[in-house]
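Scroll down for the structure; my scribbles are underneath it.
First listed ligand is number 1; within each ligand, the first listed atom is number 1.
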Amino acid sequence: RPRVLSGIQPTADSFHLGNFLGALRQWVTLQDEFETFFFVADLHSITMPHDPKLLRERTLVSVAQLLAAGVDPERATIFVQSQVPAHTQAAWVLECLTGFGEARRMTQFKDKSAKGGEGAASVGLFTYPILQAADILLYRPQYVPVGEDQRQHLELTRDLAQRFNSRFKKTFRLPEPYIMASTAKIYDLQLVEKQMSKSIGGSGCIWLLDDPAVSAKKVRSAVTDSETEVRFDPVEKPGVSNLLNIHSALSGTDIDELVAAYAGRGYGDLKADVAQVVVDFVTPFRNRVHELLDDRSELEAILSAGAERATEVAQATLRDVYDRVGFLPRA
Ligand code: TYM
């Protein structure tokens, strides 16, 4: 069966609605048709200063959230990135194939290092996309379900795969990004031109594990525009269009149908309904996560089996990689 792989960082106490609609939801649906590998990218979470105790806790809470979202350990391989050493080993080889300028062009590095200046950023933040390429290529997946912000990293991944294949021998499969157009980029509810993100957080970000009443309030305070008509127009009406997108994705109602239903009604009605749809989603999600966290040994057992299976696959690819670059095998 063709494969699908994706990862998510455990950088906050909770995933947000953008993570769920942009990526996680697709992970769940792809399980039916593909052999799937999903992991918590803890190695990626130490590229910025972090608290070790929090990281450990968030890693486990992340796993609980994957399960609550519907990732099924019976069908998917669920693992923690740092438990599969082949990722960092392959990353080194790929780093040696990456141009300095090529890595510097990554917009996420530019954004994330913008605050303290490039000099304050870690080298890990700089090489982060190459580790991501290793994460992906080791599993030879056909699709990588992600949000729009990861597209550039996927392009680098394909470039590196192609370069390795042509310089040595065909080893990697060129993966394709799997990006759902309608939810590729969920926007911040306050800064409507920015994508909802863990780093901005605040009142424009819906955290899946927040008190649902808090999330409802954030939706009701979402920034819209000075008109009154509910219309889908992402350029002229980014706030309203984002709300329509969120509603549509969570309720399964077409945008056109929603727009028709709000004819002659104001933004207040739209916000109240989106708030309700969000509450209806996060309430059971959050309860399920808390239930799952009651039995941590169960989560650990899933991860242990996952690491074993992932290692099997990744290690086999790494063996090819090492062989093809000319490393002497241990006798
Ligand atoms: P991360 O943890 O930032 O985000 C996880 C997933 O959520 C998507 N996403 C969004 N989608 C729509 N709207 C938004 N506002 C939004 N915010 C986030 C992201 O695109 C992502 O799919 N580098 C990755 C983790 C990673 C990875 C990998 C992914 C590491 N190795 C290998 C795929 C394959 C990251 O930081 O995602």
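- The protein heavy atom nearest to atom 23 (N) of ligand 1 is Tyr128 OH, 2.7 Å.
- Contacts of Ser197 with ligand 1, taken as heavy-atom pairs under 4.0 Å, are absent altogether.
- For Glu148, no nitrogen or oxygen atom sits less than 3.5 Å from a nitrogen or oxygen atom of ligand 1, counting backbone and side chain alike.
- Nearest to atom 18 (C) of ligand 1 among the protein's heavy atoms is Asn19 ND2, 3.2 Å.
- Evaluation of the side-chain contact (heavy atoms from CB on, under 4.5 Å) rule for Tyr322 yields Gln89, Val93, Leu318, Phe327 as partners, not counting sequence neighbours.
- Residue Val146 places no N or O, backbone or side chain, under 3.5 Å from any N or O of ligand 1.
- Proximity to Gly22 (heavy-atom distance under 4.0 Å) selects the following atoms of ligand 1: 11 (N), 12 (C).
- Residue-level proximity to ligand 1 for Asp135 is carried by the side chain, the only part with a heavy atom below 4.0 angstrom.
- Using a 4.0 Å cut-off between heavy atoms, Lys198 contacts ligand 1 through its side chain alone, with no backbone atom that close.
- For ligand 1, the atoms lying closer than 4.0 Å to a non-hydrogen atom of Val144 are 33 (C), 34 (C).
- Ranking protein heavy atoms by distance to atom 20 (O) of ligand 1, first place goes to Asp149 OD1, 2.4 Å.
- The option from Gln81, Gln195, Arg25, Gln132 that lies nearest to atom 32 (C) of ligand 1, judged by heavy atoms, is Gln132.
- Closest to atom 17 (N) of ligand 1 among all protein heavy atoms lies His16 CE1, 3.4 Å.
- Nearest non-hydrogen protein atom to atom 25 (C) of ligand 1 is Gly7 O, 3.7 Å.
- In this structure, atom 37 (O) of ligand 1 lies nearest to the protein heavy atom Gln150 NE2, 3.9 Å.
- Of all the heavy atoms in Ala103 and Phe126, the pair that sits closest is CB-CZ, 3.6 Å.
- Here the protein heavy atom with the shortest distance to atom 11 (N) of ligand 1 is Gly18 O, 3.2 Å.
- At distances below 3.5 Å, not a single donor-acceptor pair connects side-chain atoms of Thr36 with backbone N or O atoms of Val4.
- Here ring-ring contact (aromatic ring centres under 6.0 Å, His included) pairs that include residues 224-265, with residues two or more places apart or in two chains, number zero.
- Residue Ile186 has at least one N or O atom closer than 3.5 Å to an N or O atom of ligand 1.
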Q: Give the C-alpha distance, both sets of side-chain angles, the deciding distance and a yes or no for side-chain contact (heavy atoms from CB on, under 4.5 Å) between Arg265 and Val230.
A: CA-CA 8 Å; Arg265 297 160 66 199; Val230 175; over 6 Å; no
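- Between Met196 and ligand 1, at least one N/O pair is under 3.5 Å apart.
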